[in-house]
Enquirer: 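The structure that follows is given in the form of structure tokens.
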Amino acid sequence: MRRKRITVQGIVQGVGFRPFIYRLAHELGLSGWVKNTPDGVIIEVQGEGGVLEKFVEDIMLRKPPLSRITSILSEEMDPIPEESGFSIIGSSQEGDLRPVIPPDVAICEECEREIFDPSNRRYLYPFTNCTNCGPRFTIVEFIPYDRPKTTMKVFEMCEECKREYNDPLDRRFHAQPNACPVCGPRVWVEVSDAFDFKPSSLSLDGDPIAVVGRALSTGMIVAIKGLGGFHIACDARNDDAVSELRRRKGRAWKPFALMCSDLEEARRVVQISKREEEILTSPQRPILLARAREGNGISPLVAPKNPYLGVMLPYTPLHLILFRHSPQTLVMTSGNFSEEPIAYRNEEAKERLSYMVDLFLMHNRDIYVPCDDSVIKDMGLGTIMIRRSRGYVPTSVEIPLDSPPILSCGADMRNTFCVAFGREAVPSQHIGDLEWAETFSYYERAIDHMMGLLQVKPIAIICDMHPGYISTSYGMRRARELGIRTLMVQHHHAHLASCMAENGILSTCIGVAFDGTGYGEDGTIWGGEFFVGNPIDGFKRVAHLKPIPMPGGEAAIRRPLRMAWSYMRDSGLDPTGLLDEKEGRIIDVILERRANAPFTSSMGRLFDAVSAMIGVCTEETYEGQPAAELEMVATDVWDPSLPPYPWEAIELRDRILISLSPAIREIWHEHKKGEDPRLISARFHRTISEMIAGICSRISEETGIRDVVISGGVFQNSLLLSDSIRLLKELGLNPIIHREVPPNDGGISLGQALIGAAKLGG
Ligand code: ZN
Ligand code: ZN
Ligand code: FE
């Protein structure tokens with residue numbers, strides 16, 4: 001008889017780890033106990049020597065799917081002769097253990113088997129879940145994470161469900177959203193009242209999910225309540241349905257996401273590598289951006305001019321059951337108009353979505369906080385998170401220094417906020433663009449919710465330096481109310497710190513921060529910046545694009561031809577003909593008088609200008625469209641040996657000014673000659689990556705620093721990112737890129753948190 005004390009660390013709480021240990025001990029006939037502690041899960045087990053070894057081995061081999069073990073420490077103990085049985089020591093003795101709320105998790109294999117097993121009591125039940133799967137973050141109102149603190153509180157468990165819930169040997173032991181057809185939530189269909197809709201050929205009788213499946217097959221548009229909010233769905237292979245959806249949703253060009261019935265279907269739609277398959281089928285089930293397959297039958301209106309498609313697999317039982325009746329690939333776009341926040345309450349959805357859909361597939365499991373689908377792109381050299389939301393939030397990111405409790409407010413576009421404490425930072429779900437009143441109220445509510453769940457009382461609030469940011473004024477007001485301090489962080493410093501935070505780096509690096517817009521330390525708009533620094537001592541701007549006037553300010557973003565005009569004038573070219581006579585004259589007056597023409601060193605605006613100049617995209621209908629389309633056209637003809645265009649580095653007293661005028665002149669010349677815009681775009685991409693490598697190598701020679709941190713929304717561009725990395729490596733430099741957190745403004749809040757932790761921590 002021997003006894004062992006085993007300490008398991010990692011992601012082992014809130015993932016069904018204790019019941020798993022309980023079941024394992026039972027199976028092997030061991031006695032002892034298991035409990036959660038602030039240092040991890042502690043287990044004491046007693047039994048025969050060989051069995052104890054097997055126990056430890058099985059912990060590693062059979063651990064719950066959502067757990068991640070970072071260490072197992074086992075010590076010999078003196079056996080306790082009179083001990084019998086194995087117990088889970090309750091949560092009352094967990095001390096000051098920080099509550100862990102898990103993210104929402106896609107349906108597990110066992111639950112999937114049950115819903116398609118006619119003999120199972122959950123046959124075709126769309127709210128089936130267990131300890132290993134189902135809703136979490138989106139249904140939790142407050143802590144502790146127990147059923148009465150979730151939106152499941154209104155459903156009283158039936159005897160059978162209760163038995164499962166209370167049985168440590170059952171897969172549903174303490175599964176808070178546990179439910180069955182007898183006692184749980186249900187679905188129903190509602191007809192939109194906005195249309196004069198007479199379901200003549202469509203019977204609304206029978207199984208609501210089957211009704212909706214049939215409706216989708218006939219080309220109808222349906223709002224479907226999911227895990228983190230409503231989706232709007234239609235048959236992705238039906239041109240009429242997709243074009244009607246575009247019209248109703250007020251969305252001209254921005255690609256729609258797709259949901260495929262299963263992996264086989266996804267393979268018919270896009271090309272999927274081994275790594276992409278893992279991403280698609282992971283418990284987080286994000287939207288994967290992958291190369292479209294030829295002849296996939298998907299309507300070209302789903303993602304016009306785009307060789308990539310965003311696909312995901314079903315992640316709730318409701319989706320799986322729906323695909324038994326519906327077309328095999330559905331458009332599954334967020335239930336919102338344009339960029340408003342996603343609808344998630346039944347009444348609200350009816351109000352806001354009625355005029356976009358024919359039917360609603362409703363259910364009565366309330367969503368407490370909405371959470372959009374996450375988006376990931378595989379860049380060949382690793383994966384880049386485009387949007388980190390459902391499935392990932394509220395998982396924390398480990399940061400390389402101790403943080404006092406702080407809240408960072410993020411940026412105004414693609415907003416996320418972040419709560420940090422100790423070595424953890426918790427970036428929020430995707431909030432969106434704060435300029436929308438509805439988005440802003442969602443923002444305030446989401447912050448209160450998250451602070452409640454994490455039980456964090458911030459000692460400071462970190463905001464962007466931009467005086468006009470809504471998030472900044474929110475942060476200042478909130479800090480005043482709470483009587484705590486505020487810290488302003490420059491936008492691009494935050495981008496770099498964000499990348500350093502998730503890579504665990506505090507040492508001085510070269511930083512490349514390229515994006516669309518960020519308020520600079522000198523009051524101009526930055527966005528094509530090179531720095532040297534670290535989150536503790538700060539960052540020094542050492543090189544940047546030559547600032548160019550943005551005629552009409554923000555208006556130039558939506559009308560990239562104006563940016564092209566400005567760049568061409570600056571390069572000594574005659575842009576006549578690019579705009580009609582009247583608009584051209586207006587722009588020239590603006591440029592001459594320097595009124596309402598703020599200067600910008602933004603790389604995003606340079607991409608806009610080139611995209612418009614060569615006729616790839618002359619109107620921005622969604623954020624980043626001109627740059628995205630410029631990348632897309634280059635993808636087909638991409639060749640890393642294409643020659644770059646010339647560019648110039650001008651040495652100033654304290655920094656380098658980078659002028660792309662020589663490139664602009666040659667691009668215009670080639671365009672006039674009738675050169676293929678795809679080739680021009682590819683060579684332009686090559687120019688920017690060569691410029692990055694050139695500037696970084698100069699900075700490295702001067703400073704001896706070899707680490708190059710790369711961040712900012714421009715680096716969602718696969719061609720630019722991979723080519724830059726290749727060149728930097730060839731120079732013996734060490735590029736450091738994002739993996740867990742988006743390079744775009746969705747990552748800003750994490751960077752603000754790291755800088756806040758560095759400045760305010762001990
Ligand atoms: Zn399950
Ligand atoms: Zn039940
Ligand atoms: Fe940015």
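All ligand and atom numbering here is 1-based and tracks the order in the structure.
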Enquirer: Could you tell me the angle subtended at the Zn ion (ligand 2) by SG of Cys158 and SG of Cys161, rounded to 10°?
Expert: 110°
Enquirer: Is it the case that Tyr165 and Gln176 place a side-chain donor and acceptor less than 3.5 Å from each other?
Expert: yes
Enquirer: For the metal site, I want the angle between atom SG of Cys133 and atom SG of Cys111 with the Zn ion (ligand 1) at the apex, to 10°.
Expert: 100°
Enquirer: Of all N, O or S atoms in Asp745, identify the one at the shortest distance from the Fe ion (ligand 3).
Expert: OD1
Enquirer: N/O/S of His492 less than 2.8 Å from the Fe ion (ligand 3)?
Expert: no
Enquirer: Nearest N/O/S atom of His495 with respect to the Fe ion (ligand 3), by atom name, please.
Expert: NE2
Enquirer: Would you say Asp745 and His495 are linked by a side-chain donor-acceptor pair, where the criterion is simply a distance under 3.5 Å?
Expert: yes
Enquirer: Distance alone, cut at 3.5 Å: any donor-acceptor contact between the side chains of His466 and Asp412?
Expert: no
Enquirer: Among the N, O or S atoms that Asp515 has, which is closest to the Fe ion (ligand 3)?
Expert: OD2
Enquirer: Once you measure the plane-to-plane angle for Phe531 and Phe539, does it fall in the parallel (<30°), tilted (30-60°) or perpendicular (>60°) bin?
Expert: perpendicular
Enquirer: Over 60° means perpendicular and under 30° means parallel, so tell me whether His492 and Trp526 are parallel, tilted or perpendicular.
Expert: parallel
Enquirer: Between Phe514 and Phe715, what is the ring plane arrangement, given parallel below 30°, perpendicular above 60°, and tilted in between?
Expert: parallel
Enquirer: Work out the angle at the Zn ion (ligand 1) between SG of Cys108 and SG of Cys130, rounded to 10°.
Expert: 100°
